[in-house]
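Notes follow the structure.
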Protein chains: 2
Amino acid sequence: MSADEDTLAPRDFESLRSLIIDRRSVLPRRLAQVAKYALDHPDEVAFGTAASIAGAADVQPSTLVRFAHQLGYDGFSDLQKVFQERLRGRNSSYEERMEALKTAKEDEKGEAALVRGFLAAAQRSLEDFSSLVDPALLSRAVNILAGADTIYLLARRRSYPLVAHMAYAFGKLRVKNNLIASPNGIDPEIAAMAGRNDAALAISFSPYAADSISQARAMSDAGVPVVAITDSAFSPLADCATEWLEVAESDYAGFRSLSASMALCMALPVAIAEARLQKQR
Amino acid sequence: MSADEDTLAPRDFESLRSLIIDRRSVLPRRLAQVAKYALDHPDEVAFGTAASIAGAADVQPSTLVRFAHQLGYDGFSDLQKVFQERLRGRNSSYEERMEALKTAKEDEKGEAALVRGFLAAAQRSLEDFSSLVDPALLSRAVNILAGADTIYLLARRRSYPLVAHMAYAFGKLRVKNNLIASPNGIDPEIAAMAGRNDAALAISFSPYAADSISQARAMSDAGVPVVAITDSAFSPLADCATEWLEVAESDYAGFRSLSASMALCMALPVAIAEARLQKQR
DNA sequence: TCCATTGTGGAATATTTATTTCATTTGTGC
DNA sequence: GCACAAATGAAATAAATATTCCACAATGGA
């Protein structure tokens, strides 16, 4: 057990990569062979078994374990995790940051820790969502809404702040809209005013508010195009929507973030207003 | 062994996804639960073990195997391979992806670029704000609000979604609150109901909504403690507030982000509810 | 209400997979 | 070319993981 093995063992792929490149020249033949194979076929290392990788790299499984030990890992499985993280949506630099925040938690007083927790959840939501943005889908959704005479905004409870902002943004951009959130109980009647030339934007996340769903379905049945923002392919909203956009938010202390959905809800009005301008020409 | 199981078993993720969406409605409870988990957390399914995935989805490992069989696979491992294939070749280290996002702006079509722009602005806001969090100040602000009988929430226009969320969160946490945003023009009268035992939380960013400011000042003059969230030391809100918290948001396409303020507005109710619990003891 | 069918949890089992061990080979300084 | 250390291959072992099995519960039809 040389001193090396205690100090090393990077947890993120980029550091590991540099380490391997550094070390390769001083490694024995078989280990160098593994080093080369690992950097040339990182996907294989991430998904393969010790035996399959060893076969492909033309070494013995035990050589893989030795290689991992040499680099300071507990074993091959430990090393493999780094290769897996690389392919994961949230990779280790993210994990590290979360760790940093978590440890900061203990130092700080309760309130600041809480704020950081929510900031971290928000950040995570943004990152996760940014990899899910589908330009074609987005384009279809914007098209539907840009073609509408009046846009009906439908959301309750946790999602309500999102449409509240949209109503504000649409107002500034002079886009006709109708926020279905009246405190006087005539929501269904307002929803019934929507026709084929209008469109609805419905937002709901699990646990889905029952009347959001039923009103969205009613509008959809009435031939109103419905664009939905929701959190799963199995959301009842996804069912009845003409197009639906997926946003999966992280949560903290029992409250889900709104940052990704909010960013989307800020972009939509601008995109819609722009699409309308282009149609006028 | 029904005929189904021979004919099916897609080898690529997209087909599998459609198949699962199709089938889910006719699946038994636990299998549907697995279906949802699998589509909501595909990375976990790709890298996890039967036990870890089963744990996360809150089912038994055997249920995973049944699920795979139901879909026509040999077993869970066979199904898992499809989830792994999805990630192969997608070698996105975190840095690479962030770079891609920033440069992709120019390549991508309008709508997706717009969404990315707002996501980036949100991210910047979060980062900027996280370095400004002042535990002591936060603690004083929470104290004021935790000591109040009723919390009056005051915000207009762009800031309204923030207090809309807070009203929701306070509701869930059973904290008495009063959202000053009535559509019937009696806001000043509602504000006048606040007394020394209450407190106000006012939010306003430049350009400051005139009546937010005047109502905040009125309450402050009446001896109501006021906690403010605003964007500058020179904000008129900072003037009349007992304590004020600074949040500077980035903007994109003429609309300022709300992500940092929103994170703060999610943390505050939780912090306040916790502080109240501790006071009771 | 009963029966038959289908679904479910949990433990037992089988299988796969990683790791360790050790005999053998290879390389290196003298 | 000899002795010594380091490296290697192959097989044995240990650990983990998936799968099967069975008793029991829930469900739906007669």
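By convention in this document, chain letters (A, B, ...) are assigned in the order of the sequence lines, proteins followed by strands, and residues within each chain are numbered from 1. Because the structure is a prediction, the values reported are computed rather than measured.
- Separating the CD atom of A:Gln70 from the P atom of D:dT8 is a distance of 10 Å, rounded to the nearest angstrom.
- Atom CZ of A:Arg196 has 12 or fewer neighbouring heavy atoms from other residues, nucleotides or ligands inside a 6.0 Å radius.
- Here the P atom of nucleotide D:dT19 and the CZ atom of B:Arg66 are 13 Å apart, to the nearest Å.
- Residues B:Ile21 and A:Ala233 share a closest heavy-atom pair of CD1-CB, 3.8 Å.
- Between A:Arg30 and D:dG9 there is a side-chain N or O to OP1 or OP2 distance below 4.0 Å.
- Here the P atom of nucleotide D:dA6 and the CZ atom of A:Phe67 are 20 Å apart, to the nearest Å.
- What you find for A:Arg256 and A:Glu249 is that their closest heavy atoms are CD-O, 3.5 Å.
- From the 5' end on, the contacts that DNA chain C makes with chain B at under 4.0 Å to a non-hydrogen atom open and close at C:dG7 to C:dG10.
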Checklist entry - What do the steps show when you test B:Val270 against A:Glu111 for side chain to side chain contact (heavy atoms under 4.5 Å, CB included), and what is the final call? => result CA-CA 9 Å; B:Val270 179; A:Glu111 293 90 1; over 6 Å; no

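- Residue A:Gln60 places none of its side-chain N or O atoms closer than 4.0 Å to OP1 or OP2 of D:dT8.
- Of all non-hydrogen atoms in A:Pro10 and A:Ser15, the two that sit nearest each other are CB-CB, 3.5 Å.
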Item to check | From CA spacing to verdict: side chain to side chain contact (heavy atoms under 4.5 Å, CB included), A:Asp58, A:Tyr37 | outcome: CA-CA 9 Å; A:Asp58 196 28; A:Tyr37 182 84; over 6 Å; no

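- Distance A:His69 NE2 to D:dA6 P: 18 Å, rounded to the nearest Å.
- One cannot find a donor-acceptor pair under 3.5 Å joining the base of D:dA18 and the side-chain atoms of B:Ser62.
- Mapped onto DNA chain C by nearest heavy atom, B:Pro61 and B:Pro28 fall at different nucleotides, with B:Pro28 at the one closer to the 5' end.
- Using a 4.0 Å cut-off, some side-chain N or O of B:Ser77 falls inside it from OP1 or OP2 of D:dT19.
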Enumerate the protein-to-nucleotides 23-29 of chain D contacts in which both atoms are nitrogen or oxygen and the separation is below 3.5 Å.
none

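- Between A:Ala51 and A:Pro61, the shortest heavy-atom contact is CA-CG, 4.4 Å.
- Computed from coordinates, the A:Leu64 CG to D:dG9 P distance equals 11 Å when rounded to whole Å.
- One atom, CG of A:Asp58, and another, C1' of D:dG9, lie 12 Å apart when rounded to the nearest Å.
- Surrounding CZ of A:Arg17 are at most 12 heavy atoms belonging to other residues, nucleotides or ligands under 6.0 Å away.
- Taking each heavy atom of A:Ala199 and A:Leu145 in turn, the nearest pair found is CB-CD2, 4.0 Å.
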